[in-house]
Novice: 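I am attaching a structure below and will ask some questions about it afterwards.
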Amino acid sequence: MDENNLQQQFDQWAATYDADVGHGTGFPFDGYDRVLARVIELAAIEPGMDVLELGPGTGNLTARLVATGAEVWALDFSAEMLARARAKVPAAHLAQAGLLDDYPPDFRRPFARVVSTYTFHELPLADKLALLRRLAGDTLQPGGRIVIGDIGFPDAAARDAIHNEAAETWDDEYYWIMDEAGPALRKAGFSLEYEQQSTCGMTLVIARPS
Ligand SMILES: C[S@@+](CC[C@H](N)C(=O)[O-])C[C@H]1O[C@@H](n2cnc3c(N)ncnc32)[C@H](O)[C@@H]1O
C-alpha cells in the first residue's frame, strides 16, 4: 500500500482508535497497557530529557512520556491522529511527517531517547533497519537508547498460531519476528534487549552501534 493510502487509513481510524485499543485483549492489542507501561520503564527518562516519539497516534504513549517530565517531540503522518494527540497532550511538540522522510528542522537534532509504540510494524524489516541506522547515526545522543513497543512474536510459528486464532481480526503487516529481526539487528551492529509482553505485544531496547 502506498503512503497516501496508508495515511488516509490512519486518518479514518483516528476517531475510534482509543476505543479499539481499550479492550487490551486479543490480537492485535493484547497487553496494550502493559506494553506502553514497560516502554516507559525501559526508557528510564529523567525530567527535562528530550524525547523523540515516532507515530504517537492519538497520544496515549505521549501522555505517559510527558508525565515523566520529558520534553516530547513527536512525528506522525496522520493529521487526524495528531489532532487528537494535540487535544490530549497539549504540552507535546507535534508535527506531521513520514517516518522515512526528512524531518522538520526542529526535529533534526540529537535526542536522549527515541521511542515508538505500535508503529514500526508498518515497515518491512529492511526499512526498519534503515530507519534505526538513521536514528542511531543522526538522532540519538551518545549513551541514548531507542525503545520500541510493537506487535511481534518470538518466531514465525508463534505468529502463525495467533494468526489462526485471530482469524477475522488478523491483518498481514510487518510484525517483528524476533528470530529473524534479532540477528539482522545484531549484524547491523546494534545491541538489543527483547521482551515478549503478551501473546502479540513485545518491547525492544536498542542501543547505538559502538
Ligand atoms: C497503530 S498507531 C499507534 C499509535 C500510538 N503510538 C499507540 O501506541 O497507540 C500507528 C501510528 O503511526 C502512524 N504511522 C504509521 N506509519 C507511519 C509512517 N510511515 N510515517 C509516519 N507516521 C506513521 C499512524 O498515523 C498512527 O498514528
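Predicted model, so just to flag it, every value in this text is computed and none were measured. Whatever order the structure lists them in is the order used to number ligands and atoms, beginning at 1.
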Novice: Closest non-hydrogen protein atom to atom 27 (O) of ligand 1, residue and atom name please, with distance?
Specialist: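 Checking every protein heavy atom, the shortest distance to atom 27 (O) of ligand 1 gives D76 OD2, 2.6 Å.
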Novice: Quick one: closest heavy-atom pair of G149 and V35, and the distance?
Specialist: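 Of all heavy-atom pairs spanning G149 and V35, the closest is CA-CG1, 3.7 Å.
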Novice: Using a strict 4.0 Å cut-off to heavy atoms of M81, name the atoms of ligand 1 that fall inside it.
Specialist: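 Near M81, meaning under 4.0 Å from one of its heavy atoms, ligand 1 has 27 (O).
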Novice: Using non-hydrogen atoms of the residue, decide whether G149 is closer than 4.0 angstrom to ligand 1.
Specialist: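 Per 4.0 Å heavy-atom rule, G149 does not contact ligand 1.
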Novice: So, T25 side chain and D30 main chain: donor-acceptor pair closer than 3.5 Å or not?
Specialist: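 Flag not set: sc T25 to bb D30 has no pair under 3.5 Å.
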Novice: Is there a heavy atom of L61 sitting under 4.0 angstrom from any atom of ligand 1?
Specialist: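 No, L61 has no heavy atom closer than 4.0 Å to ligand 1.
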Novice: N/O to N/O below 3.5 Å, does that happen between Y17 and ligand 1?
Specialist: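 Yes: some nitrogen or oxygen of Y17 is under 3.5 Å from one in ligand 1.
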Novice: For atom 6 (N) of ligand 1, state which one of G57, A97, G55 supplies the nearest heavy atom.
Specialist: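 The nearest heavy atom belongs to G55.
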Novice: Are any of the N or O atoms of W13 closer than 3.5 Å to those of ligand 1?
Specialist: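 In fact, backbone or side chain, W13 has no N or O that close.
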Novice: Please could you name the atoms of ligand 1 that Y32 approaches to less than 4.0 Å, counting only its heavy atoms?
Specialist: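 Matching atoms, with element in brackets: 7 (C), 8 (O), 9 (O).
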Novice: Quick one: does ligand 1 sit under 4.0 Å from the side chain of F77, the backbone, both or neither, non-hydrogen atoms only?
Specialist: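 It is both parts that get close, each with some atom under 4.0 Å.
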Novice: Distance to 0.1 Å, residue and atom name: give those for the protein heavy atom nearest to atom 20 (N) of ligand 1.
Specialist: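 Ranking protein heavy atoms by distance from atom 20 (N) of ligand 1, first comes L99 N, 2.9 Å.
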Novice: Starting from atom 12 (O) of ligand 1, find the nearest protein heavy-atom neighbour and note its residue, name and distance.
Specialist: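 It is T119 OG1, 3.3 Å.
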Novice: Can you pull out the closest protein heavy atom to atom 5 (C) of ligand 1? Residue, atom name and distance to 0.1 Å, please.
Specialist: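 Residue, atom and distance for the closest contact: P56 O, 3.4 Å.
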Novice: Hey, is CD on E173 packed in by over 12 heavy atoms from elsewhere, all under 6.0 Å?
Specialist: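 Yes, enclosed.
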Novice: If you measure only the distance, is there a donor-acceptor pair under 3.5 Å linking the side chains of Q197 and E195?
Specialist: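 Result is yes, a qualifying pair exists.
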Novice: Could you verify whether a donor N or O on one side chain and an acceptor N or O on the other, from W170 and N164, lie under 3.5 Å apart?
Specialist: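 Their side chains do not contain a donor-acceptor pair, so the 3.5 Å distance test is not met.
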Novice: Report, in ascending order of atom number, the atoms of ligand 1 lying under 4.0 Å from any heavy atom of G98.
Specialist: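 Ligand 1 atoms under the 4.0 Å threshold to G98: 20 (N), 21 (C).
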Novice: Kindly work out whether a path of hydrophobic side-chain contacts (I/L/V/M/F/W/Y, heavy atoms less than 4.5 Å apart) joins M81 to V39.
Specialist: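 Same hydrophobic cluster.
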Novice: Between F120 and Y174, does the ring centroid distance fall short of 6.0 Å?
Specialist: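 So the answer is no for these two rings.
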Novice: Which of the atoms in ligand 1, numbered in the order shown and given with their element, are less than 4.0 Å from a heavy-atom of T117?
Specialist: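 By the 4.0 Å cutoff, the relevant atoms are 3 (C), 5 (C), 6 (N), 7 (C), 8 (O).
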Novice: Which one holds for A14 and ligand 1: side chain close, backbone close, both close, or neither close, with close meaning a heavy atom under 4.0 Å?
Specialist: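 Looking at A14 and ligand 1, no heavy atom falls under 4.0 Å.
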Novice: Only counting residues at least two apart or in another chain, list the ones meeting ring pair (Phe, Tyr, Trp, His ring centres under 6.0 Å) with Y194.
Specialist: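 For Y194 there are no ring pair (Phe, Tyr, Trp, His ring centres under 6.0 Å) partners, ignoring immediate neighbours.
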Novice: Please name all residues satisfying side chain to side chain contact (heavy atoms under 4.5 Å, CB included) with P110, sequence neighbours left out, ordered by chain then number.
Specialist: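 By the side chain to side chain contact (heavy atoms under 4.5 Å, CB included) rule, P110 matches Q141.
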Novice: Would you say the side-chain atoms of T62 and E53 include a donor-acceptor pair closer than 3.5 Å?
Specialist: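 Yes - a donor-acceptor pair under 3.5 Å links their side chains.
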Novice: What protein heavy atom sits nearest atom 1 (C) of ligand 1, and how far away is it?
Specialist: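 Of the protein heavy atoms, Y118 O, 3.2 Å lies nearest.
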